[in-house]
Enquirer: 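Can you keep this structure in mind? I'll have questions shortly.
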Amino acid sequence: MTTPRPETLAKLTPVLTKRWLSPDAWQIGTYEKLDGYAALRKALKSHPDDLIQLVKDSGLRGRGGAGFPTGLKWGFIPQGDGKPHYLVVNADEGEPGTCKDLPLMTHDPHSLVEGVIIASYAIRANRAYIYIRGEAVHAARRLRNAVREAQAKGYLGRNILGSGFDLELVVHSGAGAYICGEETALLDSLEGFRGQPRLRPPFPATHGLYASPTVVNNVGTIASVPYIVLGGAAWWKTMGTEKSAGPMIYSLSGRVANPGQFECSLGVTLRELLELAGGMQPGHNLRFWTPGGSSTPLLTAEHLDVPLDFESVAAAGSILGTTATQIFSDQDCPVYATYRWLEFYHHESCGKCTPCREGNYWMVRVYRRILSGQGTHEDLDTLLDTCDNILGRSFCGLGDGATSSVTSSLQYFKQDYLDYIEGRTAPKLSDKQLVGAH
Ligand SMILES: Cc1cc2nc3c(=O)[nH]c(=O)nc-3n(C[C@H](O)[C@H](O)[C@H](O)COP(=O)(O)O)c2cc1C
Ligand code: SF4
């Protein structure tokens with residue numbers, strides 16, 4: 001494992017992660033000693049509209065994958081409409097490779113709870129939900145405990161800190177479906193229906209939970225809010241780039257010496273992140289990687305110096321997504337990796353629309369044929385044609401995301417496909433797996 005140079009170590013900007021290594025950081029006593037709930041006291045003295053303006057001025061963009069400006073989203077909530085307003089925190093975190101929200105909720109749940117109270121006050125919501133994926137039992141326990149602690153201290157409930165503002169916060173565990181991370185499927189699931197995306201418009205800002213104005217934000221987005229309230233918009237903008245402001249938690253997994261979460265200013269490069277993670281595992285050389293989870297097109301060793309911010313990654317032909325950088329080496333096969341991701345998308349497709357439901361089903365079969373040594377050259381055209389029929393024609397982003405690794409692996413690694421088809425690479429799947437289950 002290589003040791004990062006001081007100039008690379010200086011790239012770390014621990015803001016959301018700053019308490020993670022403090023003993024008992026999840027307990028309210030520790031949190032309060034480390035600035036906890038100071039932002040809430042300050043926020044409750046401000047007018048809600050000023051808080052929305054502050055978040056707009058900070059340039060905070062959603063951390064759930066799409067990077068939508070958070071202050072703008074809050075500003076869409078109609079005020080004085082007489083309807084209840086809701087804040088829903090998306091803690092589903094199902095994107096393969098993504099692991100930034102779970103450690104945040106486990107180690108520092110109060111930062112999310114504090115962010116929820118401030119955001120709810122800003123959009124005038126008196127009820128908020130954290131929708132957490134069912135498998136995340138430990139994080140859900142920590143969150144529920146944090147909610148109880150906050151209630152006991154008067155940070156939640158009626159007349160919070162004497163401000164006249166009331167808020168009830170519910171932690172709701174889902175059943176563990178990737179599609180329930182899509183915001184409208186999440187709302188249906190929360191209402192007790194099968195989690196499937198809704199037709200938009202109308203958008204959640206006017207017709208969200210129980211057909212009322214709703215903000216849906218990612219865990220990292222909401223947990224950023226207390227820091228912006230305390231530090232100010234100008235301080236937040238000292239990190240990151242002009243259009244991608246602030247710090248970001250990058251999750252490194254795969255063939256790295258020291259996988260984990262590294263919080264850096266938006267715009268850090270993979271070369272720098274790899275150095276922070278102690279380099280590649282011995283004997284491995286970088287071959288391909290995802291900048292933001294399996295729904296984002298693959299990048300290669302040529303892209304080591306692309307700044308990992310929303311604009312630069314898009315210019316390099318991919319998407320910043322959830323900043324889940326999954327690292328693969330020259331000992332990994334891009335065809336097999338893509339097949340494994342497609343198995344996931346096929347399994348998680350909710351079945352509502354034909355391009356995604358049928359397209360992923362058939363692409364899995366084509367991959368099995370190629371990987372069992374029985375593929376044909378036409379199979380590559382079939383894959384591209386199928387992607388063409390899924391991308392932009394699916395009802396939600398799950399279908400679009402499924403095509404990312406197929407088209408990008410064919411763009412960069414066509415020879416690997418041909419090697420299976422023309423018999424130079426030994427089959428990875430047996431005939432039995434070709435027929436396969438479902
Ligand atoms: C299939 C699918 C899964 C998603 N999963 C998540 C998720 O687990 N967490 C999340 O915050 N956003 C997820 N999103 C994005 C949400 O729909 C939504 O854009 C996000 O919660 C908005 O929050 P933000 O503006 O704070 O980023 C997913 C989107 C799709 C299409
Ligand atoms: S794209 Fe897939 S997950 Fe999304 S609605 Fe269609 S079938 Fe369901």
Side-chain angles (χ1 to χ4, degrees), residues 55 60-74 76 87-102 104-105 112 115-116 119 129-136 174 176-190 194-200 203-205 208 214-225 244 246 248-249 292-296 310 319-324 341-342 344-361 363 387 389-404:
V55 173
L60 175 66
R61 293 172 64 173
R63 294 334 195 200
F68 193 83
T70 308
L72 192 64
K73 188 183 271 190
W74 294 7
F76 289 152
L87 174 73
V88 177
V89 176
N90 190 341
D92 198 56
E93 193 161 68
E95 175 77 10
T98 308
C99 44
K100 61 182 180 59
D101 299 342
L102 207 59
L104 190 149
M105 292 185 288
L112 179 59
V116 166
Y129 293 86
I130 300 176
Y131 183 100
I132 184 167
R133 65 184 301 106
E135 296 94 325
Y178 175 55
I179 190 55
C180 289
E182 195 283 333
E183 59 183 19
T184 60
L186 186 156
L187 295 176
D188 261 22
S189 169
L190 200 51
R194 177 190 296 192
Q196 284 191 318
R198 296 176 180 176
L199 188 65
R200 281 167 291 186
F203 292 95
T214 303
V215 163
V216 182
N217 269 139
N218 172 257
V219 169
T221 315
I222 293 297
S224 299
V225 172
S244 302
M248 184 79 197
I249 303 173
S294 59
S295 304
T296 61
F310 292 103
I319 307 168
L320 186 66
T322 60
T323 55
W341 281 318
L342 269 186
F344 170 81
Y345 288 104
H346 163 232
H347 183 260
E348 295 294 329
S349 169
C350 81
K352 182 164 180 157
C353 71
T354 312
C356 167
R357 185 187 63 238
E358 301 299 318
N360 283 314
Y361 174 92
M363 285 206 293
C387 286
N389 279 295
I390 297 176
L391 186 67
R393 293 186 166 90
S394 296
F395 195 77
C396 84
L398 189 148
D400 294 342
T403 66
S404 287

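One-based numbering, in listed order, for ligands and for the atoms of each.
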Enquirer: Please work out which of Glu182, Glu348, Glu183, Arg63 has its closest non-hydrogen atom nearest to atom 30 (C) of ligand 1.
Expert: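 Heavy atom nearest to atom 30 (C) of ligand 1 belongs to Glu182.
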
Enquirer: For atom 1 (C) of ligand 1, which candidate among Leu398, Leu186, Val88 provides the closest heavy atom?
Expert: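 Going through Leu398, Leu186, Val88 one by one, Leu398 has the nearest heavy atom to atom 1 (C) of ligand 1.
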
Enquirer: Which option out of Thr70, Asp101, Asn218 puts a heavy atom nearest to atom 23 (O) of ligand 1?
Expert: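 Of the listed residues, Asn218 has the closest heavy atom.
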
Enquirer: State whether the side chain of Asn90 and the backbone N or O of Gly181 hold a donor-acceptor pair below 3.5 Å, judged by distance alone.
Expert: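 Yes; at least one donor-acceptor contact below 3.5 Å.
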
Enquirer: Heavy atom under 4.0 Å from ligand 1: found in Thr221's side chain, backbone, both, or neither?
Expert: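 Contact part for Thr221 vs ligand 1: side chain (C-beta onward).
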
Enquirer: Can you list the protein N, O or S atoms less than 2.8 Å from atom 8 (Fe) of ligand 2?
Expert: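 For atom 8 (Fe) of ligand 2, the protein N, O and S atoms that sit under 2.8 Å away are Cys350 SG.
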
Enquirer: For Ser349, which residues count as a side chain to side chain donor-acceptor pair (under 3.5 Å) partner, sequence neighbours excluded?
Expert: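 Ser349 satisfies side chain to side chain donor-acceptor pair (under 3.5 Å) with no other residue.
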
Enquirer: Pairs in or reaching into residues 60-74: which pass side chain to side chain donor-acceptor pair (under 3.5 Å), with residues at least two apart or in two chains?
Expert: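 Passing the test, one end in residues 60-74: Arg61-Glu311, Trp74-Asn217.
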
Enquirer: Please find out if less than 6.0 Å separates the ring center of Phe76 from that of Phe203.
Expert: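 Aromatic pair excluded; centres sit 6.0 Å or further apart.
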
Enquirer: What closest approach, in Å, do Arg198 and Gly208 show between heavy atoms, and which atom pair accounts for it?
Expert: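 In terms of heavy atoms, the two residues are closest at NH1-O, 3.0 Å.
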
Enquirer: Heavy-atom contact under 4.0 Å between Arg133 and ligand 1?
Expert: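 The answer is no: ligand 1 sits nowhere under 4.0 Å from a heavy atom of Arg133.
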
Enquirer: Under 4.5 Å between any side-chain heavy atoms of Asp400 and Ser394, yes or no?
Expert: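 Side chain of Asp400 against side chain of Ser394, heavy atoms only: contact under 4.5 Å found.
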
Enquirer: For Glu358, give me all partners under side chain to side chain donor-acceptor pair (under 3.5 Å), at least two apart in sequence or on another chain.
Expert: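 Expected list: none.
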
Enquirer: Which of the numbered atoms in ligand 1 are below 4.0 angstrom from a heavy atom of Gly62?
Expert: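 Counting atoms of ligand 1 from 1, those under 4.0 Å from Gly62 are 24 (P), 25 (O), 26 (O), 27 (O).
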
Enquirer: In the protein, what heavy atom is nearest to atom 27 (O) of ligand 1, and what distance, to one decimal place, separates them?
Expert: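 So the nearest neighbour among protein heavy atoms is Gly64 N, 2.8 Å.
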
Enquirer: For ligand 1, which atoms sit closer than 4.0 Å to a heavy atom of Lys73?
Expert: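 Counting atoms of ligand 1 from 1, those under 4.0 Å from Lys73 are 22 (C), 23 (O), 24 (P), 25 (O).
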
Enquirer: Taking the side chain from Glu93 and the backbone from Lys100, do they hold a donor-acceptor pair closer than 3.5 Å?
Expert: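 Between the backbone of Lys100 and the side chain of Glu93 there is a qualifying donor-acceptor contact (under 3.5 Å).
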
Enquirer: Would a distance-only check, ignoring hydrogens and angles, find a side-chain to backbone donor-acceptor pair under 3.5 Å from Glu95 to Ser294?
Expert: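 Answer holds: yes.
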
Enquirer: Could you tell me, atom by atom, which parts of ligand 1 come under 4.0 Å of a heavy atom of Gly94?
Expert: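 Selected atoms, number and element: 8 (O).
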
Enquirer: Report, as yes or no, whether the 6.0 Å neighbourhood of atom CZ on Arg200 holds more than 12 heavy atoms from other residues, nucleotides or ligands.
Expert: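 Buried by this count: over 12 neighbours within 6.0 Å.
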
Enquirer: Are a donor atom and an acceptor atom from the side chains of Tyr345 and Thr403 found within less than 3.5 Å of each other?
Expert: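 Not at all, the side chains of Tyr345 and Thr403 share no donor-acceptor pair under 3.5 Å.
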
Enquirer: In the protein, what heavy atom is nearest to atom 8 (O) of ligand 1, and what distance, to one decimal place, separates them?
Expert: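 For this ligand atom, the closest protein heavy atom is Glu93 N, 2.8 Å.
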
Enquirer: Suppose we measure from atom 16 (C) of ligand 1 to each protein heavy atom; which comes out shortest, and what is that distance?
Expert: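 Answer, as residue, atom name and distance: Gly181 O, 3.5 Å.
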
Enquirer: Just one of Pro197, Cys396, Cys356 clears the side-chain contact (heavy atoms from CB on, under 4.5 Å) bar with Cys350, so which one?
Expert: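 Of the listed residues Pro197, Cys396, Cys356, the side-chain contact (heavy atoms from CB on, under 4.5 Å) partner of Cys350 is Pro197.
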
Enquirer: Just need the protein heavy atom nearest to atom 21 (O) of ligand 1, so name the residue and atom and give the distance.
Expert: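 Checked against all protein heavy atoms, atom 21 (O) of ligand 1 sits closest to Asn90 ND2, 2.9 Å.
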
Enquirer: Of all the atoms in ligand 1, which lie at a distance below 4.0 Å from a heavy atom belonging to Val216?
Expert: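 Result: 22 (C), 23 (O).
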
Enquirer: Which ligand 1 atoms, with their elements, are less than 4.0 angstrom from a heavy-atom of Gly397?
Expert: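 Per the distance check, 31 (C).
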
Enquirer: Could you tell me whether the side chain of Thr322 and the main chain of Gly292 form a donor-acceptor pair under 3.5 Å?
Expert: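 Such a contact is found between Thr322 side chain and Gly292 backbone.
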
